[in-house]
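We name chains A, B, ... by the order of the sequence lines, and we start the count at 1 in each one.
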Amino acid sequence: MANKHTRLAAYLAHRSRRGTTWLRMRDIMRVSIREVLRKRRRYIGVIAAIALGTAGFITIVTMGRDLKTNFNNDLDMLGGATIINPYFEQEGMERLEWFRDRTLASLARIPGVVDVTGILTKPRAITTFQDRIFGFNLVGVDAAYWQVFSFNAAAGRLFDAADVDQGARVCVVGTLLARTIFGGDQQALGQILSIDDNLYQVVGVLGGVRAGDRGQFIFLPITTARARVVDISQPYSVYMRCATWDDVAPVAAAVKTVVEANQTARGLRVNVAWEPLKQVQRIFWWVTLFIYSSIVATLILGGLGIWNIMMAAVVSRTREIGLKKAMGALDNDIFFQFLFESLCVTMTASLLGIGLGRVGVEYMSHMLGARPPEGLFMVCLAAGLAFAVVIGVGAGMYPSIRASRMQVVEAMRYE
Amino acid sequence: MNSPTRNGGQGDLVIDISDLTKDYRNGEETIRVLKSVNLRVRRGEMVAIMGPSGSGKSTLLFVLGLFLPPTSGTYLVSGRDVLSLTRTEQAIFRREMMGFVFQSCDLLENSTVYENLELPLVYAGVKRRERPDRIRDALSRVNLEHRLHQPSNRLSGGERQRVSIARALVNEPEFILADEPTGQLDRENSLRVLDYFNKITAGSNVAMVVVTHDATTAEHCNRTCVLSDGVLNG
Ligand SMILES: Nc1ncnc2c1ncn2[C@@H]1O[C@H](COP(=O)(O)OP(=O)(O)OP(=O)(O)O)[C@@H](O)[C@H]1O
Ligand SMILES: [Mg+2]
């Protein structure tokens, strides 16, 4: 029995024996996890809140850019806010400049640019159909043109890159012309128009939000127009579409330099729809603010929930704490038990949220037809985990300290 | 034996308390609950402390368990002054030297018998593979080995109290403090628990201090000390 006393003495002599400390920590962690698992029902609310918050955060941040791009494509009410229009203007007696092909290729390579299209025009062209004469605006474009302005076919199809490559003798007509010449969209399909003694088959009627402005237009593949139309212009004007409105300003700023690198930029102007752009940015800023604040609110609610549960636990488990201290638990043992419990809850929630977030990312990228940026996802994943630790420690710290400081006598007298 | 001993070299003295007092402060007012307490308990001895309600029996037990500091007096355990220990050392003292049995048959909720007995071993840093043997050993002393993995809330009152006795024993303490251990048990279960107490003290030289109201409980002890008006001699 005397060796019992030496055992105590040994403990007192070096209290912080690392090995046993770590072993004990592991056991206490195990006890905490068991505790949380057994009382999982009371944690479901906070776990759901934090998991949803984390999932929302990960999905929105990871897919944010793809979302904006898609938003931009879908919402044509943006009024071309992300379309930049560089063009050449006559300066003095000099010859009017135009965009060379290599310039267009360089412009397309500016980061943030999705499509570039140069257009050829012949403003007062005429065509004959069944011996009647019609005036119209002739425009030579490539297939990118449709994408830049989000056009679609009201009837038939819009000519594609293959048609442009082959210089096919096809055309797309504006709605107004389709009606006046042929009597309707469907009637126009397959008809043959004569322009400058060349015959073109109507393959489609232009549709889309901005198609109304171009009701009197006939579109030819740019190659065809160049080869066959008399007096067709050079590409004095170019339209560039940016991926998101955030890209507009830097792209617009880069245009002049890029042009100068390829050709003379005399008379170059860059037209940007600044007003609609600002409006869109403002709207999206509010939308973003709204989304982020709901995420933050969810996370704060989760954090408060944990705080609340842990505080309540300290009170309702007063007797248990006293009991454990009577069994010889150190203040630290109690402290870490409560802290681990809190961490266990937030980590579970976070892992769940990351899983859900991954599902969200997969779903969104499937919908948007884009590959999710894995690097960004990893960053978000790390942020989610770090956040769980911060909330777990932040919300669990004070209750844990309270629990560990509790006096045994008070705990044991508590009923 | 290098520990200093008192009482003419009687090394089997576990608890040695002299001239102990304890005041409670209630704002301005101080109440002296324990006025003069002298208590010596030897190995293998089971001492009953009796006294009217409110006489300070629980207070004395809390002092013995180092849960409350006394106002004055000395308290030696196996010859060592334990009042000067720091808070951490006190916790270590509790897990190494003593076991506690409560009136309310306190077990951890939502835990099995095994988990209840494991916790003192966890706190004491006992290796994991040594634990099952020690837990089974402690349970066998109250004849409850067959309840090893039973959830604690599915035990009868008597069984619960026997489990808490086993839990007090599992760390092989020097002495056990029990506050009305039979207070919530019927007569039959009380007698059984007391029987185990007798066997434990007789068999392993553990000292035991039992606070009780109950004459039957006191009869099972080697001697009875009465605490009245804050004075106890024994
Ligand atoms: N924290 C405290 N502050 C002031 N007075 C206290 C405090 N704790 C206990 N007392 C008083 O000290 C006295 C002794 O209390 P104690 O609990 O030790 O009595 P007891 O002998 O265990 O009684 P019982 O047999 O009813 O359990 C009581 O009068 C009680 O009111
Ligand atoms: Mg009492």
Would one find more than 12 heavy atoms of other residues, nucleotides or ligands at under 6.0 Å from atom [atom1] of [X]?
X	atom1	value
A:R42	CZ	yes
A:R371	CZ	yes
A:Y363	OH	no
B:R87	CZ	yes
B:Y24	OH	yes

How far apart are the C-alpha atoms of B:R167 and A:M327, what are their side-chain angles, what is the distance that settles it, and do they pass the side chain to side chain contact (heavy atoms under 4.5 Å, CB included) test? CA-CA 9 Å; B:R167 189 178 59 195; A:M327 285 189 235; 3.7 Å; yes
Work out which heavy atom in [X] is nearest to a heavy atom in [Y]; give both atom names and the distance.
X	Y	result
A:V409	B:F67	CG2-O, 3.5 Å
B:F102	A:A326	CZ-CB, 3.7 Å
A:L323	B:D106	CD1-CB, 3.5 Å
B:V122	A:I28	CG1-CG1, 4.3 Å

Heavy-atom distances under 4.5 Å only: say whether B:F62 touches chain A with side chain, backbone, both or neither.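 Side chain only.
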Could you tell me which portion of A:R30 (side chain, backbone, both or neither) has an atom closer than 4.5 angstrom to a non-hydrogen atom of chain B?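 For A:R30, side-chain heavy atoms alone lie under 4.5 Å from chain B.
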Please classify the contact of A:K39 with chain B as side chain, backbone, both or neither, using a heavy-atom distance under 4.5 Å.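 It is the side chain, since no backbone atom gets that close.
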Name the member of A:E320, A:E35, A:R34 that forms the most heavy-atom pairs with chain B at distances under 4.5 Å.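 Sorted descending by pairs with chain B, the first entry is A:R34.
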Report the distance from atom OH of B:Y123 to atom NZ of A:K324, rounding to the nearest 0.5 Å.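 Reported value, rounded in 0.5 Å steps: 4.5 Å.
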Check: B:N110 main-chain N/O paired with A:R38 side-chain donor or acceptor under 3.5 Å: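 Side chain of A:R38 to backbone of B:N110: a pair is present.
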Taking A:A329's backbone N and O only, do any of them form a donor-acceptor pair with B:R95's side chain (distance below 3.5 Å, no angle check)?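 Not a single qualifying donor-acceptor pair exists.
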Can you list the steps and then say if A:V31 with B:L119 is a side chain to side chain contact (heavy atoms under 4.5 Å, CB included)? CA-CA 9 Å; A:V31 171; B:L119 216 48; 4.0 Å; yes
For chain A, the option from B:G65, B:S58, B:P120, B:G99 that forms the most heavy-atom pairs under 4.5 Å: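 Top option by heavy-atom pairs under 4.5 Å: B:P120.
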Indicate yes or no: does A:D27 engage B:R131 in a salt bridge with an N to O separation below 4.0 Å.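 So A:D27 pairs with B:R131 through a salt bridge.
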